[in-house]
Amino acid sequence: KYSRFLRFKALTAPVEGGEEGVQSENPKRKFSSMEDGGKPFGFEVAFGLPWSHQGFMQQACKSGHPSLRDTGVPDDLKVAVEKHVEWTEQQLASYRISWCRRWVARAQQLEKDEEADAQLRDPEVARLTKGKRLLLTKEILDELQFEDTECLKLLSEGATLAGPVQFSPSFQSQYKPCLATLSQLENNADKMNAAVLKLTSSSGSLELDQQLLEETRLEVERGWAEGPYSLDELPRGATVSRRFALSQGSKVRMIDDFSISGVNDSCEVNNKLDLHMIDTFCSLVKLFFRRCAETGVGSGLRAKTYDLKSAYRQVPVRPDHYKYAFFSIYNHERGCNEIYKIKTMPFGATHSVYNFLRLSKMLHTIAVRGLFLLCTNFYDDFVLASKPSLVASASSSMELVFRLTGWVYAEEGSKATQFDVLCRALGVQFDFNKSEAGLMYVSNTESRRLELVEQITTILERGTMEKQETLSLRGRLGFADSFIHGRVGKLLLKNLVDHAYGVSSRLDANLQLSLRAMLGRLSSSKPRKVTSMQLEQWFVYTDASFEQSSLTGGLGGVLVDSTSKVCAWFAVQVSSETCLSLGAADKGTIIFDLELLATVLATAIWCSGDGEALHVIFGDNDGVRFSLIRATTMSTTSQPFLEYQLRLEADCGLQTWYARVPTEANISDWPSRLQAHELLVEDCNQSIRANLELQKILSQCLAGSSSMV
């Protein structure tokens with residue numbers, strides 16, 4: 001009676017043999033249709049039996065926390081780590097020296113061929129790629145069997161700005177259709193250009209207007225842009241985008257808005273980009289620590305960063321796409337707008353992102369696959385780690401990759417860093433002081449943390465956020481991935497994108513919730529630890545019951561260790577007074593609220609320790625599970641509970657995974673109904689503790705005092 005229907009599949013070909021309605025070893029059944037003349041066609045029907053309580057717990061422990069299934073380290077970096085533990089430091093240094101000498105010699109041999117090859121390019125493309133050794137780079141990539149064989153065309157022919165983005169085999173496939181064709185873009189260009197020029201006005205800040213004009217004139221002086229043009233001088237079908245100055249803390253960045261002109265809408269994308277976020281670098285270091293511990297090799301590390309100088313300006317625009325490269329600015333001196341043409345990749349075009357990441361992936365592959373460098377890459381930023389005795393070898397090798405290929409990087413100023421035990425990148429700080437013991441600490445940089453706290457606080461007090469400010473905040477929170485800020489960071493980034501392209505500037509409930517959660521996480525500012533040690537795993541089962549006749553409920557929770565042993569459990573009765581406050585008198589049932597409350601209670605008493613453990617929380621209510629995953633709920637009564645849960649995740653640095661358990665296999669169903677079970681021994685009963693914690697949760701949530709701040 002406990003069997004469940006799992007799936008039905010009709011077969012596309014006739015099946016011979018077997019009898020209708022009779023079970024046999026062949027799962028295929030045949031049936032006849034009047035429409036097909038009575039020919040038998042097969043179908044498959046699958047049923048299954050739920051696990052027992054003990055069986056499900058054993059299988060859950062066997063599967064483990066999903067984060068343990070994949071290290072998150074790209075294959076090339078795995079090979080580089082292995083070279084660091086298999087080879088002696090002398091062998092690794094000697095290999096790099098030999099590799100570099102060979103390609104330096106080859107560069108000298110190709111000098112005249114490189115000059116001849118440059119003459120074959122468009123004159124403007126050749127001028128903007130002066131110093132780029134494309135023939136040498138191609139030979140290196142061919143030897144390394146780099147997957148994206150056509151990426152160098154972005155330098156030899158120029159980068160596109162509109163229409164389909166060329167597919168790259170270096171990234172995963174993912175199709176995203178365009179919103180407008182090139183012909184539609186060009187046919188609507190006159191109307192759109194008039195609208196864009198009308199919107200091009202003063203920012204309201206003389207300082208920003210001055211910097212906008214100065215930066216544009218500097219680009220013209222350097223040959224990166226041309227202008228000004230009059231609207232009549234533009235070719236037929238040309239589009240005009242808008243440039244504006246955006247203040248980001250102490251910096252001012254020029255943004256070329258290619259969305260407002262419709263250029264970005266014409267982009268058809270066939271790739272899913274794989275960015276090396278902080279997670280990637282942390283996973284790399286963790287793998288390095290683990291392999292060092294397994295092989296008895298010293299795990300000391302130092303790190304530094306490299307930054308490509310004016311990275312987008314090192315890539316030319318393809319001449320036949322100049323018609324999409326015009327942008328307007330407000331000239332405060334003349335009190336009118338002006339039109340310019342950019343000849344290098346603009347910062348704000350969708351094509352620029354995909355095109356540049358193909359090239360940065362190319363450089364990263366040479367560094368890692370060719371020289372076994374422990375390096376990750378995020379756009380134009382490269383984070384390089386090395387053993388202390390190999391820092392000279394690592395830095396010389398990385399810098400030679402840039403010089404051989406002709407890419408300009410920062411060699412002076414604040415972005416020209418040195419190897420150290422403290423490395424700042426992407427708004428966070430990596431602390432290697434205890435790396436010899438297999439430990440690295442990651443935290444927000446203090447300046448970034450204070451800036452974000454101030455900005456988010458101001459936004460919450462104001463209750464509104466315009467598109468430009470939203471995108472700016474998202475850019476500054478780009479480092480807020482799952483390692484530093486858990487689900488809070490990912491949820492906030494998603495909500496910011498939804499808000500930026502929404503219809504209202506007012507903050508909705510979901511965005512307010514995620515902003516408050518992030519504010520709490522930033523305020524706590526606890527560093528996260530990266531270690532080779534295996535994190536402890538815990539499996540939590542929760543459930544709830546509700547009796548409509550008495551308007552009372554029950555909460556149950558069971559804590560299971562990695563050996564499937566029950567270590568703790570609770571059974572708490574929920575009074576009618578509490579149930580009435582959750583709307584029991586007005587609703588048909590409050591089981592959703594109670595099951596969410598059971599999860600919050602279990603998390604509060606069992607899931608702590610500053611991220612020192614991995615937790616999988618099981619429940620049999622899909623609605624509750626989806627709300628926990630999305631951090632959203634339509635129920636006003638359960639909203640405070642969800643906020644409380646997010647605060648727990650943020651404050652404790654939890655790495656929680658929410659999963660489903662069938663009702664029949666949910667061991668917490670018994671204590672939720674205040675019933676005994678042989679697996680729930682009295683020595684593990686924590687109902688008194690749970691009841692006290694429940695009163696604390698209810699006093700905050702039902703009083704409306706739950707706050708993320």
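Keep in mind it's a predicted model, so treat the numbers as computed, not measured.
Side chains of Leu154 and Met345 form no contact here, defined as non-hydrogen atoms less than 4.5 Å apart. The shortest distance between side-chain heavy atoms of Ser328 and Arg242 falls below 4.5 Å. Side chains of Phe356 and Leu308 form a contact here, defined as non-hydrogen atoms less than 4.5 Å apart. Side-chain atoms of Tyr354 and Leu273, non-hydrogen and from C-beta on, do get closer than 4.5 Å to each other. The shortest side-chain heavy-atom distance between Thr405 and Leu136 does not fall under the 4.5 Å cut-off. No side-chain heavy atom of Val408 sits less than 4.5 Å from a side-chain heavy atom of Ser310. Between Gln166 and Lys153, the closest side-chain pair of non-hydrogen atoms is not below 4.5 Å. Val165 places none of its side-chain heavy atoms less than 4.5 Å from the side chain of Thr160.
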Requested in this report: Go through Gln512 and Arg516 one step at a time and tell me if the side-chain contact (heavy atoms from CB on, under 4.5 Å) criterion holds.
Outcome: CA-CA 6 Å; Gln512 290 184 50; Arg516 288 197 298 270; 3.6 Å; yes

Query raised in the report: Given the rule in the side-chain contact (heavy atoms from CB on, under 4.5 Å) test, do Met192 and Thr239 qualify, once you have shown the distances and angles that lead to the verdict?
Result: CA-CA 8 Å; Met192 293 298 296; Thr239 60; over 6 Å; no

Query raised in the report: Checking side-chain contact (heavy atoms from CB on, under 4.5 Å) for the pair Gln314/Lys132: CA distance, chi angles, key distance, verdict?
Result: CA-CA 9 Å; Gln314 296 191 50; Lys132 295 283 192 296; 3.1 Å; yes

Query raised in the report: Yes or no on side-chain contact (heavy atoms from CB on, under 4.5 Å) for Val383 and His276, after CA distance, side-chain angles and deciding distance?
Result: CA-CA 10 Å; Val383 184; His276 290 176; over 6 Å; no

Requested in this report: Run the numbers on Arg102 and Glu139 for salt bridge (charged side-chain N to carboxylate O under 4.0 Å, His left out), then give the verdict.
Outcome: CA-CA 12 Å; Arg102 178 162 63 91; Glu139 289 190 9; over 6 Å; no

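Few gaps surround CZ on Arg127; more than 12 heavy atoms of other groups in view lie less than 6.0 Å from it. Atom CZ of Arg236 sits in a sparse spot, with 12 or fewer heavy atoms from other residues, nucleotides or ligands closer than 6.0 Å. Crowding of Lys323 atom NZ: a count of heavy atoms from other residues, nucleotides or ligands under 6.0 Å exceeding 12. Counting non-hydrogen atoms of other residues, nucleotides and ligands closer than 6.0 Å to CD of Glu207 gives a total of 12 or fewer. Atom CD of Gln172 has 12 or fewer neighbouring heavy atoms from other residues, nucleotides or ligands inside a 6.0 Å radius. Within a 6.0 Å sphere centred on NZ of Lys467, heavy atoms belonging to other residues, nucleotides or ligands number more than 12. Taking a 6.0 Å sphere around CD of Gln210, one finds it holds more than 12 heavy atoms contributed by other residues, nucleotides or ligands. No more than 12 heavy atoms of other residues, nucleotides or ligands shown are found within 6.0 angstrom of CD on Glu454.
No side-chain donor-acceptor contact under 3.5 Å links Arg96 to the backbone of Ser397. Checking side-chain atoms of Thr376 against main-chain N and O of Phe281 turns up no donor-acceptor pair under 3.5 Å. Without hydrogens or angle criteria, Ser261 side chain to Asp257 main chain gives no donor-acceptor distance under 3.5 Å. Of the possible polar contacts, none joining the Lys341 side chain to the Glu226 backbone as a donor-acceptor pair under 3.5 Å is found. A donor-acceptor pair under 3.5 Å is formed between the side chain of Ser352 and the backbone N or O of Pro346. A donor-acceptor distance shorter than 3.5 angstrom exists from the side chain of Glu114 to the backbone of Leu135, with no hydrogens or angles considered. In this structure, Arg133 contributes its side chain and Leu404 its backbone to a donor-acceptor pair below 3.5 Å. A donor-acceptor contact shorter than 3.5 Å links the side chain of Asp508 to the backbone of Leu511. A donor-acceptor contact shorter than 3.5 Å links the side chain of Asn337 to the backbone of Leu197. No donor-acceptor pair under 3.5 Å is formed between the side chain of Glu157 and the backbone N or O of Arg318.
Tyr324 and Glu186 are linked by a side-chain donor-acceptor pair at a separation below 3.5 angstrom, with hydrogens and angles left out of the test. A donor-acceptor contact closer than 3.5 angstrom links the side chains of Ser168 and Asp148. When only modelled atom types and interatomic distance are considered, Thr181 and Ser183 share a side-chain donor-acceptor pair under 3.5 Å. When only modelled atom types and interatomic distance are considered, Ser202 and Asp209 share a side-chain donor-acceptor pair under 3.5 Å.
In this structure, OG1 on Thr137 lies 5.5 Å from CE on Met362, to the nearest 0.5 angstrom. Tyr306 contributes atom OH, which lies 13.5 Å from atom CG of Leu363 (distance to the nearest 0.5 angstrom). Here the CD atom belonging to Glu214 is positioned 9.0 Å from the CE atom belonging to Met254, to the nearest 0.5 angstrom. Between Glu268 atom CD and Phe167 atom CZ the span is 12.5 Å, to the nearest 0.5 Å. Leu152 CG to Arg358 CZ: the interatomic distance, rounded to the nearest 0.5 Å, is 9.5 Å. For the atom pair NZ (Lys415) and OG1 (Thr305), the distance works out to 9.5 Å, reported to the nearest 0.5 Å.
Salt bridge present: Glu219 and Arg313 bring a charged side-chain N and a carboxylate O closer than 4.0 Å. One finds no salt bridge joining Arg217 and Glu338 here, because no Lys/Arg side-chain nitrogen approaches an Asp/Glu carboxylate oxygen to under 4.0 Å.
Nearest approach of Ile342 to Val317, heavy atoms of both residues: O-CG2, 4.2 Å. Here the shortest heavy-atom pairing between Ser414 and Thr417 reads O-CG2, 3.9 Å. The minimum heavy-atom distance between Leu161 and Ala325, with the atom names listed, is CD1-CB, 3.6 Å. Taking all atoms of both residues into account, the shortest heavy-atom contact from Val263 to Leu185 is N-CD1, 3.8 Å. For the residue pair Leu155 and Pro316, the shortest heavy atom distance occurs at O-CG, 4.1 Å. Between Leu212 and Thr216, the closest heavy-atom pair is O-OG1, 2.9 Å.
For the side-chain contact (heavy atoms from CB on, under 4.5 Å) criterion with Tyr312, the lone passing option out of Val353, Asn355, Asp380 is Val353. A ring pair (Phe, Tyr, Trp, His ring centres under 6.0 Å) with Tyr229 is found for exactly one of Tyr322, Phe326, Tyr340, namely Phe326. Paired with Ser505 under the rule side-chain contact (heavy atoms from CB on, under 4.5 Å), one option of Met465, Arg462, Glu466 passes, and it is Glu466.
Figure legend: Arg243 and Phe327 shown as a cation-pi pair, the cationic atom lying under 6.0 angstrom from the six-membered ring centre and within 45 degrees of its axis.
Ring pair His351/His321 is tilted by interplanar angle, where 30° to 60° counts as tilted. Note: Phe402 and Tyr409 have tilted aromatic rings, judged against thresholds of 30 and 60 degrees for the angle between ring planes.
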